[in-house]
Each structure stands twice: as C-alpha cells, then as structure tokens.
Protein chains: 2
Amino acid sequence: MGSTIPFSPTNRLLDSLPEKEKEPFLADCETVEMTFGQLLAEPGDNISYAVFPLDCFISLIATLASGDQLEVSMAGKEGMVGIPLVLGAQTSALQMLVQGAGPALRISSASFQNHLARSPILEGLMKRYLNVLLNQISQSAACAHYHALEARMARWLLMTHDRTHGEQLHLTHEFLSSMLGVRRAGITLAATALQRRGLINYQRGRITVQNRAGLEEASCQCYATDCDIYDEMLEQVSRRTSISESSHAQDKRSFHFG
Amino acid sequence: MGSTIPFSPTNRLLDSLPEKEKEPFLADCETVEMTFGQLLAEPGDNISYAVFPLDCFISLIATLASGDQLEVSMAGKEGMVGIPLVLGAQTSALQMLVQGAGPALRISSASFQNHLARSPILEGLMKRYLNVLLNQISQSAACAHYHALEARMARWLLMTHDRTHGEQLHLTHEFLSSMLGVRRAGITLAATALQRRGLINYQRGRITVQNRAGLEEASCQCYATDCDIYDEMLEQVSRRTSISESSHAQDKRSFHFG
DNA sequence: TCCGGTCGGTGCGGTATGGCACATAAGAAA
DNA sequence: TTTCTTATGTGCCATACCGCACCGACCGGA
C-alpha cells in the first residue's frame, strides 16, 4: 500500500504512525482539496470528518455569545482538526475555517473513532497532540490579552508563513482583523508599520513576508514558545525522523513545517 | 466500601462512576486538605498527583515568557486537575494554585494512569471533562480579550462563589488583579463600582457576594455560557442523578455546584 | 499602645485601541 | 473605458487600561 493512494501523506502526525497502523488508517481516508474560506464547521455543528492537512491549514476560532470572534489555534500539516472526536464528542464548539487552500486527508467521524478505539498508538498520538493544543490555546489566551497588536500580528504572520511554504498569504486587513480580534483600521496601522520597516509587503489581499528574521524580532515571544511546544511534540512523536535543526528553546528561530 | 473511607466523595466527576469502578479507584485515593495559596505545580513541573476537589477549588494559570499570568480555568468539585496525565504527559504547562481551601481526593500519577488504562468508563469521563476544559479555555481567551474588566470580575466572582457555597471569598485586590491580568488599581475601581451598586461587599481581603442576581446582570455572558458548558457535561456524565434545575441555555441563572 | 506591614483609594499622564465615518485606490466586470 | 466593488488609508474623539507613585487605613504583633 501507500502506492495505491494518490500520494504518500505528509501529515506529520500520521507520518509518525508505524507502517502497520498507517496503512489501514489511510485506507479509510480520502484526499480532498480544501478551498480557501471553506467553513468546515460552525460552533455547535456536528463534525462529519476528522481532517489531516497535507498542505493546507485551518484556523480554530472561538465565538462568544455576542458574536465576537478570536482565533485560538491553527492546524497545518503538523496537526489535525476534529479533536472533539478524540474525546468522544461529536460537535465542535469552535469554528473551523480553511485559511490556506490545499490537499488534506479526511476520514469520517465514525471510521476515525473506530480506528481510535482499536489503535492505542493512534490514540496516544492524538493525546499528545491534544496536550499541545491545550497548552497552545492557554498561551494564546494570555497572548491576546497582554501583547500589542503589532507583535501579535507578526506572530500570526509567521505562524501562517510556516504553514504555507513561503507563498504569499491570501488575506485582507478585514480578515486579519477578525482573526486577531481588533478593528480593521488597527490592522492597517500595524501592517503599515511592518511594511515601512521592510518586514512584509502587501497589496489588496496579498501579503508577502520579506524579512522573516525581522518579523521574528517584531513578534512576541509567543511565536518562539509555540515553535517549542510543537517541536517538543514532534520530537516525542517521531523519534525515527531526524529533526535536524531547532532543538533548543531559548533562541529565536523559525519553525519549518516541511 | 465507601464506608471504610472517611466520608463519601462528593466530587461530581467521581460520583458519576458506577460503584464497581468507583470503589477500587477510591481505594487508591487519599483525602488531603488543600490550603489556601498552595501551589500544586509551577509551569513545567512534574505532576505527582491527580487531584479531585471535594470542597475546594484550584485555578489553572497560564504564564507567558515575560512572566505575565492569566487564569484560564478553574476546577472545583465538578472537575479535577492533572489533565496532562490523562493525555499521557507528566508535566503541567499551567500553574495550579489552590484558591479555596478544603478537602480533596488525590491519587498518585502512576496509580491514576493505571486506573485510566484499565477503566474505559473512567477514561471516558476524563475525556468528557477534557472536552469541557478545551471549550472553556477557548472561551476564556476570547472573554479576556473582549470584555471589560468589571464584567470579567463579576464573572470571576460568580464562578468562585459557585465553588465556595456562599462563603465569603478570601482574596485581595492584588490577587484578583493577577487572576484577571490587570493592575491592582483597576481592580479597586471595578470593585468599588460593584460595591456601590450593592452587589458585593469587601474589606481587607474578604469579599462577600451580596446580590447574586445583580452580579449576573453585571457579568458578561461568558458566565452563563460557562454554566451551560458544565451543565451539559454533568448531564451527560450522570444521567442517574436527577438534575432538577438548570437545563435551558438561554436564560441567566446560577450554577449550583452542590 | 505603638509600630510595621499589608491592603486599599486616588491621582496623573500616557497610549493602545474602539467606534465611526469618509476618502482614495486597485481590480473586476461590463 | 467606464463602472462597480472591494480593499485600504486616514482622521477624530472617546475610553479603558497601564505605569507610577503616594497616601491613608486597617490589622496583627510586640
């Protein structure tokens, strides 16, 4: 197997499964193309599929009773969406929004839960990811509360950049404002500042990162912390894979989802 | 059994275990008295015990690289602390701080994980709780970002009040300020406003709730949402128990941890 | 009873952001 | 090209909160 499916998955979570576990799992997955702006779930919706990004990424967005929204997490090829399924729940309290278009593996909820029940390894993997998510969301809470917009925006751009292989990002100020929970004019100001410093370049819904190192300077520590959180998990999860760079927590460095 | 231990547990999670599961679990627990201000774990610490509050409560606090802190969740008799253990992790990224003194059951990490591995019912229970936690933390993130201090403080007081059976709360402005992530002077202002409205009364580290309904008015919707989140879980978890009041989501009402 | 420490009240200026509103510009469609 | 739509730039005022600083009030211990 592996040759009978379109292309071998590069989702980092699934990749770390031993061949014996991976094969039957993939047999129940299908490859789908996620499109930009696609809503996989609204708060309260039933979850039909667990989704493992191959080369796309998805935002998890909390919604308050008032309708105010805030992105609390992001899942790219290092993760998955559909966490409640792992916990035996069928509904999502978070909105799931496709932010980066591209292929993903998906598996029906029922099938996913079957596999979970049968494979302790798969379940362990999901648990480790869940632990990351928990820590990451907690951190996001504090970050959104304490850090200035410009730094948070830099962080967000870096995280997104990591998940899109350096392509230009397809997003408007309006959209960014809803992710970061500020008004659009605030984004314009922050973006202008970053652009003036030569860190990014943007025009009508397209942002390109021009100077990663500079952006890292401009971002809050949370970016580095996030990288560490994921690195730690990926190291635990795939000891087989040699993770060349990035191992020490202190110094700033980019996190390459590769 | 149950008569051989000091008193029957009233932790709502454990209570919902069937007798057959509860008995061996409790046999490995010990009752301990949590004291106010006790630090169960600092970020990064190993977790020695899972703790199930009987009549106390514990805050979970996120810490940023800068040292800034923000409370992201609270566990009373409706919950537990030591969630990472459920996920196979041994360390806590969050600080765990005892806020309400009183008895709790605790079980060593190893023993807890043993029970988890053997009892699918226990594990299911923990998963449901974990799901609640995830949703609750996500909501807290948005709440801390969007809502005004006074409303957040009202919410916090209500949540704490629910977990202390109407006793007066032992907390200083200084302390509250670190929970809510604002400076102390801000708490003084908000507290003064609430007191002027006759909702609370305070003096040197002691706060009493004078008018619950009024406080609910003053709090953000997040309080009601929180109650709903927990109610939903507890209903799922203990169908046996007749949960008399509180079932509909819309209207504001207090949540009685009883 | 006095002292020292903790806790709470208050003031002042600074700033990041909100709300609102409108002007401009760049693409897309016609 | 012209027109329309969407995206961005900007201005103005309001305000919630920060940082700092200091004072006064209460409480417990000596």
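Each chain gets a letter, A, B and so on, in the order its sequence line appears, and its residues count up from 1.
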Using the side-chain heavy atoms of A:Arg204, tell me which of these nucleotides is nearest: C:dG27, C:dG9, C:dG8. C:dG27
Spacing between B:Gln203 atom CD and C:dC7 atom P, to the nearest angstrom: 14 Å
Below 4.0 angstrom, which residues in residues 173-191 of chain A have at least one non-hydrogen atom near DNA chain D? A:His173, A:Arg184, A:Ala185, A:Thr188
Nearest whole Å is fine: how far is D:dA7 P from A:Ile207 CD1? 13 Å
Gap between atoms CG and P, on A:Leu70 and C:dT17 respectively (whole Å): 14 Å
Could B:Arg106 and B:Tyr49 be counted as a cation-pi pair, given that NZ or CZ must be under 6.0 Å from the ring centre and within 45° of the axis? yes
Have B:Glu71 and B:Ser59 got a donor and an acceptor in their side chains that come within less than 3.5 Å? yes
State, yes or no, whether a side-chain contact exists between B:Gln99 and B:Ile58 at a heavy-atom distance under 4.5 Å. no
Rounded distance in Å - CG (A:Leu171) to C1' (D:dT8): 14 Å
Classify the ring geometry between A:Trp156 and A:Phe175 as parallel (under 30°), tilted (30 to 60°) or perpendicular (over 60°). perpendicular
Starting at the 5' end of DNA chain C, which residue's closest nucleotide do you reach first, B:Gly205 or A:Leu149? B:Gly205
How many whole angstroms separate atom NE2 of B:His147 from atom C1' of D:dC17? 17 Å
Does a donor on one side chain and an acceptor on the other come within less than 3.5 Å for B:His161 and B:Arg212? yes
OP1 or OP2 of C:dG9 versus the side-chain N and O atoms of B:Tyr202: is any pair under 4.0 Å? yes
Full working for side-chain hydrogen bond (donor to acceptor under 3.5 Å, both in side chains) between A:Asp228 and A:Tyr223: CA-CA 9 Å; A:Asp228 292 337; A:Tyr223 174 65; over 6 Å; no
Closest to the 5' end of DNA chain C, once A:Arg206 and A:Ala148 are matched to their nearest nucleotides, is A:Ala148
A:Met96 vs A:Ile47 side-chain heavy atoms within contact, under 4.5 Å: yes
Atom CD of B:Gln195 to atom C1' of C:dG9: distance rounded to whole Å? 12 Å
Whole-Å gap separating C1' (C:dG9) and CZ (B:Arg196): 11 Å
What is the distance from NE2 of B:His145 to P of C:dA16, rounded to the nearest Å? 15 Å
